[in-house]
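I have a structure I would like to understand better, so I am pasting it below and will then ask my questions one at a time.
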Amino acid sequence: MPFPGETWLSPYLGTAVLCCLVVTIWLLRWKRRAALWKQVEEARRKREQRLERMQKVALTFREQNPGVEADRILSLPLVELSEELRNGSLPPEHVLYTYLDKAFQVNKDINCLTDYLQECESQLQEVKKQEKKGLLYGIPVSVKDSIECKGHDSTMGFLKNLNRPAAEDSVVVQVLKRQGAIPFVKSNVPQGLLSYDCSNVIFGPTANPLNHTRSPGGSSGGEGALIGSGGSILGIGTDIGGSLRIPAAFCGICAFKPTGSRLSQKGMVAILRGQKSAIPAIGPMARDVDSLALYMRALLCDDLFRLDSSVPPMPFKEEVYASSRPLRIGYHDTDSLTLATPSMRRAVLETKKLLEDAGHTLVPFKPHFSEDFFFNVCLTGLFADGSSTYVDNFKGELKEPYARQFLLMTKMPDWFKKLISWITGPIIPRLSKMLGNLVTRSVKEVWVLHSECEEYKREFMADWRKLDLDVMLCPMFGPAFKAGYPSKLSVLVSYTILYNYLDFPAGVVPVTTVTEEDEEALKSYKGYHHDWYDKLLVKATCEAVGLPLAVQCVALPWEEELCLRFMKEVERLTQRKQKHL
Ligand SMILES: *[C@@H]1O[C@H](CO)[C@@H](O)[C@H](O)[C@H]1NC(C)=O
Ligand SMILES: *[C@@H]1O[C@H](CO)[C@@H](O)[C@H](O)[C@H]1NC(C)=O
């Protein structure tokens, strides 16, 4: 047999070895992904089982108690429901099982639930033994995935967090329970939370209950959709850039973000731990403002101050919330980074008129929130580590398609980010600025950043005081974006994230709905920049006649009660107007 010379063998051998290597790598990768998908299947199966149990107990209860007035219970506002529960005219089991059933039903349409908190069944029995009935006696409460409930996962949409149940309830959940509330489900979030969409690989996408082709917003999107569709009456969410306010606005409900440390954040999981620029907050979502106030009133009690000493011992200021003194209200109808769409501006201007007619004083006040502040301060604040904390979370995970684009941007090495930023500079300046600010900063630069934030906050408060304002009326973006658009339009969070940087209380109240005229006016919207983002915003928000629009209400730090009182006034005037139409 002729012995082949090395000269002709090596290229074949080389190719063969290379092929083997590629195939092996591909096989290993395939095997790893198959294992991950198996975990996904397992997690989904577990969720199905839990939700089936939830339906079963609700059905059994209904069969044994045919007299339960489910429709009436579901239609009662929170304050009335809690009165009826506290004075004994409604038994708590009627309310809990009615909501279990409703939540199960709406979930079939919009996929908003991630977990059933089965222990609510035994907690119901505990609550019934309460001698002094708490302020939320017998009220079922839904909880965002990222807020810890003992014995349950807080996944943030990551497989690595499956089967790692919390050892303890978060402090807010503990206090709510002591006030008689019954947490009963956990709700869906976008993978990694840092998004205002609501989809992850494990539990899939949540749909907007008002139009299933639209996003419910995020990251507290499961809560927004669940409450918006009537499956829960009170929910807890979190907000680091708009995550309570955006889903509330998109789903037509109310939400409130307090000053970060007014409530305890113990037991709230987050993806970017350690950053000190954007201040996260934990807050309520509900159908009306009185519900938000009741939630704050119930939480601001000695139990909370004892369980978390970092919370200032300030009880709820009833006299501020109940006051009817006329307010001095600053307002503006667009921010300076992305021009508000016609419907957003109309929502602000109509609300301004209602407030004026009711005897309040309105003063134009526009935060000097420049593009510079958004890109250089806000973005850098979250990604000063060159986005490595964010990226690390996604390592070894199956990635949600919506998250991929941003992940791709954050994963690039610094030099490449700078290069692409330089190339895109003249074409898409806003994309260029975003990329340019995702690079690694030195400690010194971060200290400068923090002092810039402080300085900005001081100036902002000085301007506010100079005009002697009580509160501020601001635009809120909306209506609900078509599914898939939130991840492409992250620049819009400039409307909400400002108040996380300032750490001011801020809430949203729905005030109107999109009209045919708004649609028509939107067609000639060009924005400030006439760029890719401005065009996308039109595509994301068009064809929305009838969908809700909200405004944002803001107050100075620690003025939660004043902010809520202002929100209540906006809600009252809006409802009065709608009645008279
Ligand atoms: C309980 O409160 C509701 C709502 O305020 C009221 O309509 C009802 O009459 C009260 N029932 C009793 C037994 O006090
Ligand atoms: C739902 O939204 C889509 C666009 O996302 C729109 O085409 C459709 O007309 C809407 N449906 C209803 C019932 O409003």
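Whatever order the structure lists them in is the order used to number ligands and atoms, beginning at 1.
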Does any non-hydrogen side-chain atom of Cys120 lie less than 4.5 Å from one of Leu96?
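The answer is yes, as the side chains (C-beta and beyond) meet within the 4.5 Å cut-off.
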Which of the numbered atoms in ligand 2 are under 4.0 angstrom from any heavy atom belonging to Arg214?
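Counting atoms of ligand 2 from 1, those under 4.0 Å from Arg214 are 2 (O), 4 (C), 5 (O).
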Do the non-hydrogen side-chain atoms of Glu560 and Cys563 ever get within less than 4.5 Å of each other?
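They are not in contact (no side-chain heavy atoms under 4.5 Å apart), so the answer is no.
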Looking just at side-chain N and O atoms, do Glu121 and Tyr116 make a donor-acceptor pair shorter than 3.5 Å?
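Judged by distance alone, the side chains do pair up.
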Going by distance alone, is a donor N or O of one side chain under 3.5 Å from an acceptor N or O of the other, for Asp290 and Tyr321?
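On atom types as modelled, these side chains qualify, holding a pair under 3.5 Å.
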Which protein heavy atom lies closest to atom 13 (C) of ligand 1, and at what distance to 0.1 Å?
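Nearest protein contact, heavy atoms only, for atom 13 (C) of ligand 1 is Asn87 O, 4.2 Å.
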Lys482 N/O under 3.5 Å from ligand 2 N/O:
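For ligand 2, there is no N or O atom that lies under 3.5 Å from one belonging to Lys482.
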For atom 9 (O) of ligand 1, decide whether some protein heavy-atom distance is shorter than 4.0 Å.
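Answer no: nothing from the protein, no heavy atom, is under 4.0 Å.
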Show the atoms of ligand 1 that are less than 4.0 angstrom away from any heavy atom in Glu83.
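Those of ligand 1 that fall under 4.0 Å from Glu83 are 4 (C), 5 (O).
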Residue, atom name and distance, where the atom is the protein heavy atom closest to atom 2 (O) of ligand 2:
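Of the protein heavy atoms, Asn211 ND2, 2.3 Å lies nearest.
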Between Asp197 and Ser195, do the side chains contain a donor N or O and an acceptor N or O under 3.5 Å apart?
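Result is no, nothing qualifies.
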Give the residue and atom name of whichever protein heavy atom lies nearest to atom 7 (O) of ligand 1, and the separation in Å to one decimal.
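So the nearest neighbour among protein heavy atoms is Glu84 OE2, 4.6 Å.
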Check each atom of ligand 2 against the heavy atoms of Thr213 and keep those under 4.0 Å away; list them by number with element.
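Atoms satisfying the 4.0 Å criterion: 1 (C), 2 (O), 3 (C), 4 (C), 5 (O).
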List ligand 2 atoms under 4.0 Å from Glu543, heavy atoms only on the residue side.
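Near Glu543, meaning under 4.0 Å from one of its heavy atoms, ligand 2 has 4 (C), 6 (C), 7 (O).
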Should we count CD of Glu318 as having more than 12 external heavy atoms under 6.0 Å?
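Correct, the count exceeds 12.
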Classify the ring geometry between Tyr390 and Phe406 as parallel (under 30°), tilted (30 to 60°) or perpendicular (over 60°).
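Judged by the thresholds at 30° and 60°, the geometry between Tyr390 and Phe406 is perpendicular.
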